[in-house]
Amino acid sequence: MPFSGEEGKRVYWKLEGRDDVPALVLLNSIGTDMDLWDGALPLLRQSHRLLRVDTRGHGASDVADEDYAMAGLAADIFGAMDGAGITVAAVAGVSLGGMIAMEMALARPDRVAALSLVCTSAKMDKTAWSDRVAKVRGEGMAAIVDLAMGRFLSPEFIAAEPAVAQTIRRQLVNMAASGYAGCAAAIRDMDLASRIGQIGCPTLVVTGDRDTSTPFEGHGEYLLAQIPGANHAALPAAHLAPLEAPRLLAETMLEFLKD
Ligand SMILES: O=C(O)CC1=CCC(=O)O1
């Protein structure tokens, strides 16, 4: 299996598609893994070589029991790109994945060709994320699963796709609490808000009309105001847009990436 990084902090990645097309890196939210993107893959792989990475502490990646930092999570993804032989790529990330993507664009502008920032933010409530870290470390994943599910998916989607919602819930409950807490600490400590004005690559900000975690108001609108020349698309989806609107998300990203 393809892993990159030092022992205990290795990230698992999967590369697919032709090598004569541009590379696109796909990053997951906290509490999910690379499978989050499954519904969008058939369209995306027609024109892009896809590198998916399980964020540290998630999926098949290693779980270190410590606070993670956004810069370290970004370095993990560059390590996966190195392992896959990719020098430059467009990067798309959902929520935490979008935060990591912004950190990547700031750290290595030479390696990030474009950003798709899906249902994400540069500033989350520090107290709320601090409480979440403590709760998960003290009581385990069951203590926050209802809160997280309520922010991930809309009631309409849960009613229409109960099996998908059950899978997401099961993954969340069964994942390593230390992996979730490590990433939650990175969200708590992120300092993107004052720096994203320096992002220089073409950027698409995707918001979800039903997203209660990072709604347009206060989150998407801030990204659009700060990132020079950023474009906006609003989708009929909650936070996990690749689940609620996979085809529309893929079409929107491809339209942006073809420019
Ligand atoms: O608010 C939530 O629980 C959803 C979320 C925030 C960051 C992320 O990756 O997911």
Side-chain angles (χ1 to χ4, degrees), residues 11 25-37 52-59 61 67-70 72-74 76-77 91-104 115-137 139-155 157-158 165 168-169 171-173 175-177 179-193 205-220 222-223 235 237-244 249:
V11 288
V25 175
L26 301 171
L27 304 177
N28 56 281
S29 75
I30 194 169
T32 65
D33 61 24
M34 64 168 74
D35 293 349
L36 177 62
W37 285 95
R52 285 183 294 154
V53 188
D54 282 342
T55 304
R56 192 192 308 177
H58 289 69
S61 291
D67 288 355
Y68 307 161
M70 213 54 83
L73 298 176
D76 289 346
I77 311 305
V91 183
V94 182
S95 198
L96 170 63
M99 299 165 198
I100 298 170
M102 288 186 267
E103 194 70 49
M104 290 173 69
L115 288 174
S116 293
L117 305 176
V118 183
C119 298
T120 189
S121 182
K123 43 177 189 173
M124 299 293 274
D125 182 332
K126 206 172 169 62
T127 308
W129 282 91
S130 192
D131 291 350
R132 219 189 285 199
V133 172
K135 213 169 175 89
V136 168
R137 288 206 171 122
E139 302 168 43
M141 290 304 296
I144 57 98
V145 71
D146 288 334
L147 167 77
M149 285 301 291
R151 293 165 69 92
F152 270 171
L153 298 170
S154 62
F157 181 80
I158 294 173
I168 295 296
R169 187 183 180 90
Q171 268 181 6
L172 201 50
V173 173
M175 75 171 284
Y180 188 98
C183 283
I187 295 173
R188 176 196 65 200
D189 299 338
M190 78 173 156
D191 68 342
L192 286 165
V205 175
V206 179
T207 54
D209 292 344
R210 300 195 286 256
D211 184 3
T212 56
S213 175
T214 55
F216 176 80
E217 296 74 23
H219 297 276
Y222 185 78
L223 300 178
L235 300 185
H239 197 59
L240 297 187
L243 289 182
E244 295 211 2
L249 174 60

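As the structure lists them, so they are numbered: ligands from 1, and atoms in each ligand from 1.
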For ligand 1, list every N/O pair with the protein closer than 3.5 Å, one pair per line with the distance.
residue  : atom   : partner : partner atom : Å
ligand 1 : 1 (O)  : Arg132  : NH2          : 3.3
ligand 1 : 1 (O)  : Arg151  : NE           : 2.5
ligand 1 : 1 (O)  : Arg151  : NH2          : 3.1
ligand 1 : 1 (O)  : Ser213  : OG           : 2.7
ligand 1 : 3 (O)  : Arg132  : NH1          : 2.7
ligand 1 : 3 (O)  : Arg132  : NH2          : 3.2
ligand 1 : 9 (O)  : Ile30   : N            : 2.8
ligand 1 : 9 (O)  : Ser95   : OG           : 2.8
ligand 1 : 9 (O)  : Leu96   : N            : 2.9
ligand 1 : 10 (O) : Ser95   : OG           : 3.1
ligand 1 : 10 (O) : His239  : NE2          : 3.3

Note to self: Looking at Asp131 and Lys126, is there a salt bridge between them, counting it only when a charged N and a carboxylate O are closer than 4.0 Å?
What the structure shows: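 So Lys126 does not pair with Asp131 through a salt bridge.
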Check: Taking all atoms of both residues into account, what is the closest heavy-atom pair of Asp54 and Asn28, and its distance?
Finding: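 Looking at all heavy atoms of both residues, the shortest contact is CA-OD1, 3.9 Å.
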Check: Which heavy atom of Asp33 sits nearest a heavy atom of Gly59, and at what distance?
Finding: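 Of all heavy-atom pairs spanning Asp33 and Gly59, the closest is CB-CA, 3.8 Å.
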Just distance, no hydrogens or angles: give the donor-acceptor pairs under 3.5 Å from side chains in residues 180-192, sequence neighbours left out.
residue : atom : partner : partner atom : Å
Tyr180  : OH   : Arg132  : NH1          : 2.8
Arg188  : NH2  : Asp67   : OD2          : 2.9
Asp191  : OD1  : Arg195  : NH2          : 2.9

Notebook entry, point to check: Out of Thr32, Val11, Ile30, which residue meets the side chain to side chain contact (heavy atoms under 4.5 Å, CB included) rule with His58?
Noted result: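 That would be Ile30.
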Check: Checking side-chain hydrogen bond (donor to acceptor under 3.5 Å, both in side chains) for the pair His219/Ser121: CA distance, chi angles, key distance, verdict?
Finding: CA-CA 5 Å; His219 297 276; Ser121 182; 2.7 Å; yes
